Amino acid sequence: MSPSPPYAPLAGALAALVLVAFVASVRIGYATIDVGGALADLLAGRTSLGALVLMELRLPRAIIGALVGFSLGLAGAAMQGLLRNPLADAGVIGVSGAAAFGAVMAFYSGLSASFGLALPTGGILGAGVAVALLYALAGRGSATMTLILAGVAISSLAGALTALALNLSPNPYAATEVMFWLMGSLADRSMTHVQFAAPLLIAGWLMILVCGPALDALSLGEDTATSLGFHMARVRLLLIVGTALAVGPAVAVTGAIGFVGLVVPHLLRPLVGGRPGRLLLVSGLGGAALVLAADIAVRVVGVRPELKLGVVTALIGAPFFLLLLWRLRREA
C-alpha cells in the first residue's frame with residue numbers, strides 16, 4: 001500500500017469545490033435573479049419573485065444535487081472497498097435497480113398523481129426489499145462472491161420487472177413520463193423532497209463512514225481483518241444497509257444517475273494512497289461536486305428541453321469505464 005499524501009488538505013479542497021459548485025448552482029438558472037436580494041427577502045419573510053424562485057427552485061435543486069452526489073460517491077467507494085473490486089458500485093448489490101422499480105410502481109399504480117411523496121416512498125421500499133432479498137439469498141455470513149451473485153440476480157429481476165411495467169402500461173403518456181424520470185434529473189424538486197430524503201441519506205452515510213477502519217483492514221484480506229478484531233458479517237451488514245439508505249432515497253428522488261459511484265473513487269484513489277477507508281469521505285465530496293457540476297452543465301448548454309442529468313453523467317462515465325477496462329486488460 002503506497003504512502004498516503006496529506007489527507008486534510010485534499011478533503012478541504014474538495015469541500016471548497018463543493019461549496020463553489022453549490023453557490024454556482026444557486027446562481028445559475030433560466031431566469032436571472034439577484035441572489036443576494038432574494039436571500040435577504042427570504043430571511044426577512046418578504047414575499048418576492050426572487051425569494052420564491054430561490055426557495056422553490058434553486059435551493060432545493062442545489063441541496064438535492066449535493067446530497068445525491070455525496071451518497072453516490074460514498075456508496076461507490078464503499079462497495080469497491082467491500083467487494084475489493086474496482087468495477088463495483090451500488091448497482092452491484094441490486095439497490096439502485098430495486099429502488100428504480102419501486103418508484104416505477106408508484107407511477108404505474110397511479111399513486112404518484114395523488115400522493116406527492118409516492119416516488120421517493122416507492123424507491124425506499126424497493127431498496128429495502130432488495131436488502132431483505134440479498135440477505136435471504138446470501139445470508140449474513142456469506143462470502144463476498146455470494147453477495148455479488150445475489151446482487152446481480154436482484155438487479156436483473158428489478159430491471160426485468162421495470163421493463164414489464166413499462167410494457168404493460170395502459171397509458172403511453174405515463175410510460176413516456178416513467179422513461180424520462182428514469183434518465184435522472186434534479187429539475188422540479190422541492191424542499192419537501194429534501195426533508196423526506198435527507199434523514200435517511202445521512203443515516204446511510206454514518207453507517208458507511210464508521211466502517212472505514214474495517215475497509216482498510218479488509219484490503220489485507222478477510223482473515224487478516226478478522227484477526228484484527230473486525231466482525232466481518234457485521235461490517236457487511238452495516239455497509240449494505242448503509243448503501244441501501246444512501247442510494248435508495250437518492251434514486252427515488254432523482255431517478256437513475258449512473259457512473260458517479262464508479263468514476264469518482266477511481267479518480268481520487270491515488271490521492272489517498274489506495275486506502276479504502278480514507279477514500280470514503282473524499283469520494284462523497286467528489287461525487288457531490290461532480291453531480292452539481294453536471295447539473296450546471298445541463299442548464300447552460302442551451303438545449304430545450306434540458307438534457308437529463310443521467311444522460312450527462314453517462315456520457316462522462318461510459319468512456320471512462322471503457323478506458324478503465326482497457327487499462328485493467330493491459331495490466332492483466
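Being a predicted model, the structure only gives us computed values, none of them experimental.
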- Item | Residue pair V129, F101: steps toward the side-chain contact (heavy atoms from CB on, under 4.5 Å) verdict | CA-CA 11 Å; V129 170; F101 173 65; over 6 Å; no
- Please examine the side chains of M105 and L161, heavy atoms only from C-beta on, and report whether any two atoms are closer than 4.5 Å. no
- Item | Heavy-atom donor-acceptor pair, S227 side chain to T224 backbone, under 3.5 Å | yes
- Message: To the nearest 0.5 Å, what is the distance between OG1 on T162 and CG on L157?
- Response: 9.0 Å
- Query: Nearest 0.5 Å, what's the CG-CG distance between L285 and L290?
  - Reply: 12.5 Å
- Hey, are the side chains of V312 and F259 touching, using non-hydrogen atoms and a 4.5 Å cut-off? no
- Before giving the answer on side-chain contact (heavy atoms from CB on, under 4.5 Å), spell out for V282 and Y7 the whole-Å C-alpha distance, their side-chain angles and the decisive distance to 0.1 Å. CA-CA 9 Å; V282 296; Y7 183 73; 3.8 Å; yes
- Item | Residue pair M232 / A225: nearest heavy atoms and the distance that separates them | SD-CB, 3.7 Å
- Message: Please say yes or no: joined through hydrophobic side-chain contacts below 4.5 Å, possibly via intermediate residues, are L292 and V23 part of one cluster?
- Response: no
- Message: Has H266 got a side-chain atom pairing as donor or acceptor with V263's backbone, closer than 3.5 angstrom?
- Response: no
- Query: Can you check whether G65's main-chain N or O pairs, donor with acceptor, with R189's side chain at less than 3.5 Å?
  - Reply: no
- Task: Kindly indicate whether the side chain of R58, heavy atoms from C-beta on, has any atom under 4.5 Å from the side chain of I33.
- Result: yes
- Note on the structure: dist D41:CG -> L52:CG (nearest 0.5 Å) comes out at 9.5 Å
- What's the spacing between I93 CD1 and L133 CG if we round to 0.5 Å? 12.0 Å
- Taking all non-hydrogen atoms of both residues into account, name the closest pair between A244 and V131 and its distance. CB-CG2, 3.3 Å
- Query: So, do L238 and I208 sit near enough that their side-chain heavy atoms are less than 4.5 Å apart?
  - Reply: no
- Message: Check whether S185 reaches the backbone of K308 with its side chain - one donor and one acceptor, N or O, closer than 3.5 Å.
- Response: no
- Query: Short question: side chain of S25, backbone of A21 - any donor-acceptor pair under 3.5 Å?
  - Reply: no
- Query: Under 4.5 Å between side-chain heavy atoms, hopping through other hydrophobics if needed: is there a path connecting L237 to L215?
  - Reply: yes
- Looking at CG of L280 and CG of L239, how far apart are the two atoms once the value is rounded to the nearest 0.5 Å? 8.0 Å
- Task: Without swapping roles, check the side chain of S155 against the backbone of G151 for a donor-acceptor pair under 3.5 Å.
- Result: no
- Please step through side-chain contact (heavy atoms from CB on, under 4.5 Å) for the pair V291 and T254, ending with a clear verdict. CA-CA 11 Å; V291 170; T254 64; over 6 Å; no
- Task: For the residue pair L74 and W205, establish whether any side-chain heavy-atom pair is separated by less than 4.5 Å.
- Result: yes
- Message: Please check this pair: side chain of S219 against backbone of D216, looking for a donor-acceptor N/O pair closer than 3.5 Å.
- Response: yes
- If you round to the nearest 0.5 Å, how far is CG of L57 from CG of L186? 12.5 Å
- Just wondering, more than 12 heavy atoms not from R27 lying within 6.0 Å of its CZ? no
- Heavy-atom distance under 4.5 Å between the side chains of L14 and L268, does that happen here? yes
- Query: side-chain contact (heavy atoms from CB on, under 4.5 Å) between V260 and V68: does it pass, once the steps are laid out?
  - Reply: CA-CA 10 Å; V260 175; V68 169; over 6 Å; no
- Message: Looking at every heavy atom in both V301 and L307, which two are closest together, and how far apart are they?
- Response: CG1-CD1, 4.3 Å
- Message: Is there a path of hydrophobic side-chain contacts, each under 4.5 Å between heavy atoms, that joins V26 and L19?
- Response: no
- Task: Give the minimum heavy-atom separation between L218 and L82, together with the two atoms involved.
- Result: CD2-O, 3.5 Å
- Message: Count I, L, V, M, F, W, Y as connected when their side-chain heavy atoms are under 4.5 Å apart, and connections chain through other members. Are V53 and I28 then in the same cluster?
- Response: no
- Message: Quick check: closest heavy atoms across V95 and A127, and the distance to 0.1 Å?
- Response: CG1-CB, 4.0 Å
- Query: So do the side chains of F70 and V18 get within less than 4.5 Å of each other, counting heavy atoms only?
  - Reply: no
- Query: Which heavy atom of L201 sits nearest a heavy atom of A250, and at what distance?
  - Reply: CD2-N, 3.9 Å
- Single-linkage hydrophobic cluster L43~F22, side-chain heavy atoms < 4.5 angstrom: yes
